[in-house]
Amino acid sequence: TAAADPAEPLSPTRAAAVAPRRAPEPSAALAVYDAQLRKVEGRCRDLIAENRLLKAVSDAAVAEQEKTRELNLRLSREVQQSRRSAAEAERRAAAVEAELRRGGGDPPPPPPPPA
């Protein structure tokens with residue numbers, strides 16, 4: 001294209017393209033940043049609240065897990081004790097049966113119950 005004559009007036013489109021850009025007003029830029037800051041701070045507060053809730057849920061789950069572990073240990077001890085008692089009862093029954101087959105006297109008295 002031909003060079004524009006400096007005496008010729010610029011079209012509105014051309015004038016907008018070559019016009020120096022004005023810096024945004026400081027108050028407008030601050031308003032934009034302030035809005036963004038409020039948005040980020042709100043999100044931060046939401047995340048903190050969610051984190052506290054999840055921590056409480058996690059703590060409750062850990063407490064429940066510890067309770068379950070303790071109950072399982074108690075149950076295991078009781079089962080072991082029951083098995084020992086049953087095995088001892090079988091040994092005593094076998095001893096009494098053997099004594100009776102030999103024609104022995106009175107069967108021995110049962111031992112005292114475990115404490």
Side-chain angles (χ1 to χ4, degrees):
T1 63
D5 182 8
E8 190 176 311
L10 295 175
S11 70
T13 305
R14 177 80 177 134
V18 296
R21 282 225 155 110
R22 292 181 17 180
E25 291 292 321
S27 61
L30 286 176
V32 169
Y33 289 122
D34 190 45
Q36 287 292 336
L37 183 62
R38 279 195 301 274
K39 182 178 176 182
V40 169
E41 287 174 339
R43 181 70 177 134
C44 185
R45 280 190 298 274
D46 291 345
L47 290 173
I48 287 171
E50 183 178 358
N51 190 30
R52 286 182 183 147
L53 177 66
L54 292 174
K55 174 94 170 82
V57 169
S58 173
D59 290 347
V62 167
E64 188 66 27
Q65 184 181 24
E66 289 173 5
K67 182 179 174 183
T68 300
R69 185 180 302 123
E70 179 59 34
L71 289 173
N72 283 337
L73 287 172
R74 285 176 46 197
L75 179 61
S76 177
R77 284 187 219 118
E78 289 178 14
V79 167
Q80 289 174 357
Q81 182 60 39
S82 295
R83 287 178 180 162
R84 282 192 292 268
S85 296
E88 180 61 32
E90 284 181 29
R91 282 193 294 276
R92 284 195 316 262
V96 168
E97 182 181 357
E99 184 68 29
L100 290 175
R101 287 182 191 222
R102 284 192 300 254
D106 293 330

* Asked: Is any side-chain heavy atom of R69 closer than 4.5 Å to a side-chain heavy atom of Q65?
  -> yes
* How long is the span from the CG atom in L37 to the CG atom in L30, to the nearest 0.5 Å? -> 11.0 Å
* Asked: Under the side chain to side chain donor-acceptor pair (under 3.5 Å) rule, what pairs show up with a residue in residues 41-58, not counting sequence neighbours?
  -> K55-D59
* **Donor-acceptor contact present, side-chain T68 to main-chain E64, <3.5 Å** =>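 Here the side-chain-to-backbone pair exists.
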* Asked: Do E70 and K67 sit within salt-bridge range, that is, some charged N less than 4.0 Å from a carboxylate O?
  -> no
* Salt-bridge criterion met for E97 and R101 (N-O under 4.0 Å) -> yes
* Asked: What do the steps show when you test R77 against Q81 for side chain to side chain contact (heavy atoms under 4.5 Å, CB included), and what is the final call?
  -> CA-CA 6 Å; R77 284 187 219 118; Q81 182 60 39; over 6 Å; no
